[in-house]
Amino acid sequence: MTVKLRAEHVFKSFGRTQVLKDVSMDLRDGEIVALIGPSGAGKSTFLRCVNVLEIIDSGRIEVDGELFGYREAGDHLQPLGDKEASLQRSRIGMVFQHFNLFRHMTAVENVAFGPREVLGRDRAEATRQAMDLLARMGLTGREHHYPRQLSGGQQQRVAIARALAMDPSLILLDEPTSALDPELRVEVANVIRDLARERCTMLLATHDIPLVEDIADRVVFMVDGAVVEEGPTEQILRSPVQERTGAFLTKMTSRA
Ligand code: ADP
Ligand code: MG
């Protein structure tokens with residue numbers, strides 16, 4: 001299977017705080033990987049680096065074999081300008097904890113915006129595709145609602161439709177169910193399960209261990225900016241090697 005995402009020796013600091021310390025991981029095409037770990041581990045920062053929302057200090061990130069965030073300039077690397085960075089970003093679907101929809105646009109406008117503005121699709125085609133995606137997310141009848149007229153679970157499903165509308169190479173989800181009440185969590189988790197069944201390549205940062213167990217092929221456990229342990233989901237969840245992994249999982253599952 002081909003490698004979709006390759007991160008090698010990624011380092012990232014904010015001021016004097018080192019947030020990612022030598023993070024490496026691979027995702028193969030069609031693979032679903034869960035990124036777990038305590039708050040502050042660097043999960044969001046890592047996803048933001050892959051999506052070129054942050055520029056890494058050193059190391060390499062490649063998506064589909066292409067260097068992300070930088071261009072090769074002789075024997076060194078040069079950060080990309082805004083335009084090139086946003087072009088790379090458009091190939092990744094990103095779903096945030098707090099949905100981040102455009103407040104002044106309806107559901108269908110939110111979903112059709114990227115394809116129109118970035119991919120240059122015409123209005124009718126982008127709208128038709130957005131309506132289809134919203135239907136797939138169980139949002140028929142809500143297409144012309146504004147975010148404020150939708151529940152959190154509905155807003156997050158619009159956000160997932162918006163990510164899919166760009167035909168992304170890879171989908172990054174940053175705690176997509178964490179801001180939701182339990183009953184709304186289920187509807188978003190179900191949509192994510194459907195994507196997993198279709199083998200959309202996904203890197204999912206989450207505290208939802210049952211969802212991880214259900215859909216992830218592999219689990220990466222991070223603490224304090226570094227990968228502590230990774231492996232097949234079943235192995236990491238049932239018989240982790242590292243003590244810290246076991247302690248974290250015990251805490252997570254007793255809290256639920
Ligand atoms: P996680 O998603 O695993 O909870 P984050 O990636 O959000 O972790 O944060 C990792 C660490 O980086 C935290 O200590 C956080 O305070 C710090 N951090 C994240 N973003 C910034 C930023 N823009 N400026 C300074 N520190 C940041
Ligand atoms: Mg986070």
Side-chain angles (χ1 to χ4, degrees), residues 5 7-25 27 32-61 63 68-70 79-80 82 85-86 89 92-101 152-153 155-156 159-160 163 170-181 184-185 188-189 192 202-212 215-216 218-231 233 236-237 240 242-253 255-256:
L5 167 68
E8 290 176 323
H9 307 296
V10 170
F11 285 80
K12 174 71 185 173
S13 297
F14 294 108
R16 276 193 218 143
T17 319
Q18 213 172 47
V19 173
L20 298 177
K21 306 165 191 168
D22 200 8
V23 173
S24 297
M25 72 179 79
L27 248 81
I32 294 139
V33 174
L35 194 52
I36 65 169
S39 184
K43 304 179 297 293
S44 297
T45 303
F46 181 74
L47 296 181
R48 291 172 59 82
C49 288
V50 173
N51 200 24
V52 206
L53 291 165
E54 305 285 354
I55 285 292
I56 62 177
D57 301 330
S58 64
R60 257 182 109 83
I61 293 175
V63 177
F68 254 46
Y70 286 87
L80 294 180
D82 288 347
S86 70
R89 206 171 294 136
I92 309 250
M94 180 99 183
V95 176
F96 300 91
Q97 182 176 357
H98 295 288
F99 332 133
N100 296 16
L101 295 175
Q155 288 184 58
Q156 191 61 299
I160 293 171
L170 166 71
I171 303 174
L172 309 174
L173 301 110
D174 193 359
E175 299 200 34
T177 58
S178 297
L180 303 172
D181 293 335
L184 301 183
R185 248 176 228 203
V188 170
I192 295 170
M202 286 195 272
L203 181 57
L204 164 74
T206 188
H207 291 292
D208 187 339
I209 302 299
L211 180 64
V212 170
I215 70 167
R218 272 193 305 128
V219 174
V220 177
F221 175 59
M222 273 178 78
V223 176
D224 207 11
V227 174
V228 170
E229 181 167 7
E230 67 168 296
T233 302
I236 298 292
L237 296 187
Q242 301 295 328
E243 207 175 300
R244 277 189 295 181
T245 316
F248 174 76
L249 288 168
T250 303
K251 203 168 124 205
M252 291 310 296
T253 42
R255 209 171 64 179

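Order of appearance sets the numbers: ligands from 1, and atoms from 1 within every ligand. Note that this is a predicted model, so its numbers are computed, not measured.
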Next on the checklist: Under 3.5 Å between any N/O of Phe14 and any N/O of ligand 1: does that happen in this structure?
Outcome noted: no
Checklist entry - From atom 15 (C) of ligand 1, is the closest protein heavy-atom distance below 4.0 Å? => result no
Item to check | Closest approach of any protein heavy atom to atom 4 (O) of ligand 1, naming residue and atom | outcome: Gly40 N, 2.7 Å
Item to check | Pairs satisfying side chain to side chain donor-acceptor pair (under 3.5 Å), at least one member in residues 10-20, at least two apart | outcome: none
Next on the checklist: Looking at the Mg ion (ligand 2), is there an N, O or S atom belonging to Gln97 that lies under 2.8 Å away from it?
Outcome noted: no
Item to check | Donor-acceptor pair, side chain of Gln156 and main chain of His98, under 3.5 angstrom | outcome: no
Item to check | Heavy-atom nearest neighbour in the protein, as seen from atom 7 (O) of ligand 1, with distance rounded to 0.1 Å | outcome: Ser44 CB, 3.7 Å
Next on the checklist: According to salt bridge (charged side-chain N to carboxylate O under 4.0 Å, His left out), who are the partners of Arg60, at least two apart in sequence or on a separate chain?
Outcome noted: Glu62, Glu72
Next on the checklist: Is any side-chain heavy atom of Pro176 closer than 4.5 Å to one of Ile192?
Outcome noted: yes
Checklist outcome for this item: Nearest non-hydrogen protein atom to atom 8 (O) of ligand 1, with distance, is Gly42 N, 3.1 Å
Checklist entry - Do Phe248 and Val223 come within less than 4.5 Å of each other through their side chains, counting heavy atoms only? => result no
Next on the checklist: Students should be able to answer this: which protein heavy-atom is nearest to atom 5 (P) of ligand 1, and at what distance?
Outcome noted: Thr45 OG1, 3.7 Å
Next on the checklist: Give me the residue, atom name and distance of the protein heavy atom closest to atom 12 (O) of ligand 1.
Outcome noted: Val19 CG2, 3.1 Å
Next on the checklist: Tell me whether Ser178 contacts the main-chain N or O of Gln97 through its side chain, where contact means a donor paired with an acceptor under 3.5 Å.
Outcome noted: no
Checklist entry - Glu54 to ligand 1: N or O pair under 3.5 Å? => result no
Checklist entry - Applying a strict 4.0 Å limit to heavy atoms, is Ser39 in contact with ligand 1? => result yes
Checklist entry - Short list, please: which atoms of ligand 1 are under 4.0 Å from a heavy atom of Ala41? => result 1 (P), 3 (O), 8 (O)
Checklist entry - When you measure from the side chain of Lys43 to the backbone N and O of Met222, does any donor-acceptor pair fall under 3.5 Å? => result no
Checklist entry - Tell me, do Ile36 and Leu249 make a side-chain contact under 4.5 Å, heavy atoms counted? => result yes
